[in-house]
Amino acid sequence: GVRPPVRRPYCAPEVALGTNRLDAELTLWHGETRPLRSGQKVHVHVGAASTQGTLAVLDRDALAPGDSARVQLVLSTSLGAWHGDRVVLRDASAARTLAGGRVLDPFAPTRYRRTAQRLAELDALALPQDRAAAVLAVAPQGVDRQRFIAAQGCAVDWPGDAIKGGPWVIGAQHAQAACDAVLACLRAFHERAPDELGPDAARLRRLALPRMAEPLFRALLEWLQAASQVAVRGAFVHLPEHGVALSATETRIAQKVGPQLASVGFEGAWARDLARDSGESEALMRTTLSRLAQRGEMHQVVKDLFYPPATMERLAAVARQVAAAHDGEVT
């Protein structure tokens, strides 16, 4: 005879997961004589799978008989579990049933699992509907969209005013707070270093929003730039009004040093000599010339030694001539 086809269980790839650490909401059987405490060994049943695990009570010292609590289960083997899946706990010897409940988050964190922030996220995940909006409302660093969809096991509708950056999304209120932090950080940076253009984007993220994912930070930076609240020049970020002030300084210094740089020829000019001859402070001269060099308006060959573009073009032409006369080799 012909064997019937083997039917294998499967799920959509975007929600496929395996986890050995999950957060759940549990109720301890009212007939138990002792509470459940953190560190207790249990048997964990989810769907048709079972494994040994260790319990951690998150929102109180212990789970009393008849009460419910948020817990984390650290499993000895990985299994599939999605939000809302039923969980049953049996004792370490698997002799009797202790508690039952449901999965809140199959991607439970290893750190900060008892913080007020994390417990607020679990409160949002416990809602019967609109969980995406509720989680965004308590997630100042944003939410990993792909991870959240996988944990829910289904498609998710995000609020229309949420901001997306790569695989991340952040609620409008937290996005505004994050942008305010970026602007405050830039104001403080300009006060500390008035002669510098500003921090580069990577440094700005470390200073203002060190826990935010880089793609989401970039999206917020683009949002600020589109609203003309920040300006980006190359890799550097600054407040628009600060850029205007620096541009006036750069123009003044470029006009002063232009004739000097042109007159020194192939020897180049040192920042300290340009500062002395033009009557500017050495620190201001050095930082301004460095900014001009970053934009290609002059060239810093070694630290503090500058050449104008025209001189560099002549030097490059000389190098090409030497190479042509020696089979492409320049020593």
Side-chain angles (χ1 to χ4, degrees), residues 1-59 62-110 113 118-119 121-132 134-135 143-157:
V2 179
R3 291 184 177 180
V6 176
R7 298 188 180 275
R8 302 185 183 278
Y10 68 92
C11 65
E14 60 269 22
V15 300
L17 64 86
T19 181
N20 59 8
R21 184 183 295 267
L22 58 88
D23 286 345
E25 186 174 45
L26 285 183
T27 300
L28 180 59
W29 173 243
H30 62 82
E32 280 296 306
T33 58
R34 291 183 296 179
L36 283 178
R37 300 184 182 279
S38 294
Q40 191 163 338
K41 304 295 183 182
V42 291
H43 277 266
V44 182
H45 298 261
V46 179
S50 65
T51 184
Q52 292 182 326
T54 304
L55 177 81
V57 183
L58 301 178
D59 57 358
L63 176 55
D67 284 350
S68 299
R70 307 283 160 72
V71 305
Q72 186 168 107
L73 297 169
V74 182
L75 311 175
S76 59
T77 57
S78 180
L79 52 78
W82 289 265
H83 179 278
D85 281 357
R86 297 298 178 178
V87 180
V88 174
L89 297 191
R90 304 179 77 192
D91 65 355
S93 61
R96 70 183 191 280
T97 300
L98 300 176
R102 60 187 180 125
V103 175
L104 294 179
D105 189 355
F107 297 120
T110 57
R113 61 186 183 181
R118 178 56 184 169
L119 294 177
E121 292 173 3
L122 293 178
D123 287 341
L125 289 169
L127 296 176
Q129 56 189 5
D130 297 330
R131 287 187 297 276
V135 169
V143 173
D144 186 327
R145 287 187 293 158
Q146 297 172 354
R147 195 176 177 91
F148 187 84
I149 289 170
Q152 300 299 302
C154 62
V156 173
D157 292 326

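Model, not experiment: these values are computed from the prediction.
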I'd like to know if the side chain of [X] reaches the main chain of [Y], judged simply by a donor and an acceptor atom lying under 3.5 Å from each other, with no hydrogens or angles considered.
X	Y	answer
S76	G53	no
T97	R90	no
S38	V57	yes

How about [X] and [Y]: do any of their side-chain heavy atoms sit closer than 4.5 Å?
X	Y	value
D23	L122	yes
V135	L125	yes
L26	L89	yes
R118	P109	yes
V74	N20	no
H30	D67	no

inquiry  = Show me the pairs that pass salt bridge (Lys or Arg N to Asp or Glu O under 4.0 Å) and involve residues 36-59, at least two apart or across chains.
reply    = none

Please tabulate, one pair per line, all N/O donor-acceptor pairs under 3.5 Å involving side-chain atoms of residues 147-157, not counting sequence neighbours.
{"from": "Q152", "atom 1": "OE1", "to": "R131", "atom 2": "NE", "distance (Å)": "2.9"}
{"from": "Q152", "atom 1": "OE1", "to": "R131", "atom 2": "NH2", "distance (Å)": "2.9"}

L36, L63, V88, L55 screened by side chain to side chain contact (heavy atoms under 4.5 Å, CB included) with L98, the one that passes = L36

Between [X] and [Y], which heavy-atom pair has the shortest distance, and what is it?
X	Y	value
P65	R34	CG-O, 4.0 Å
R70	D123	NH1-OD1, 2.6 Å
Q72	A108	NE2-CB, 3.5 Å
A81	T19	CB-CG2, 4.4 Å

query = How far apart are the C-alpha atoms of L58 and R113, what are their side-chain angles, what is the distance that settles it, and do they pass the side-chain contact (heavy atoms from CB on, under 4.5 Å) test?
reply = CA-CA 7 Å; L58 301 178; R113 61 186 183 181; 4.1 Å; yes

Which value, rounded to the nearest 0.5 Å, describes the distance between [X] atom [atom1] and [Y] atom [atom2]?
X	Y	atom1	atom2	answer
L17	E14	CG	CD	11.5 Å
L73	R21	CG	CZ	10.5 Å
L79	H45	CG	NE2	11.0 Å

key: From CA spacing to verdict: side-chain contact (heavy atoms from CB on, under 4.5 Å), V42, T54   = CA-CA 6 Å; V42 291; T54 304; over 6 Å; no

request  = Apply the test side-chain contact (heavy atoms from CB on, under 4.5 Å) to residues E32 and R96: give CA-CA distance (whole Å), side-chain angles for both, the deciding distance (0.1 Å), then the verdict.
outcome  = CA-CA 10 Å; E32 280 296 306; R96 70 183 191 280; 3.1 Å; yes

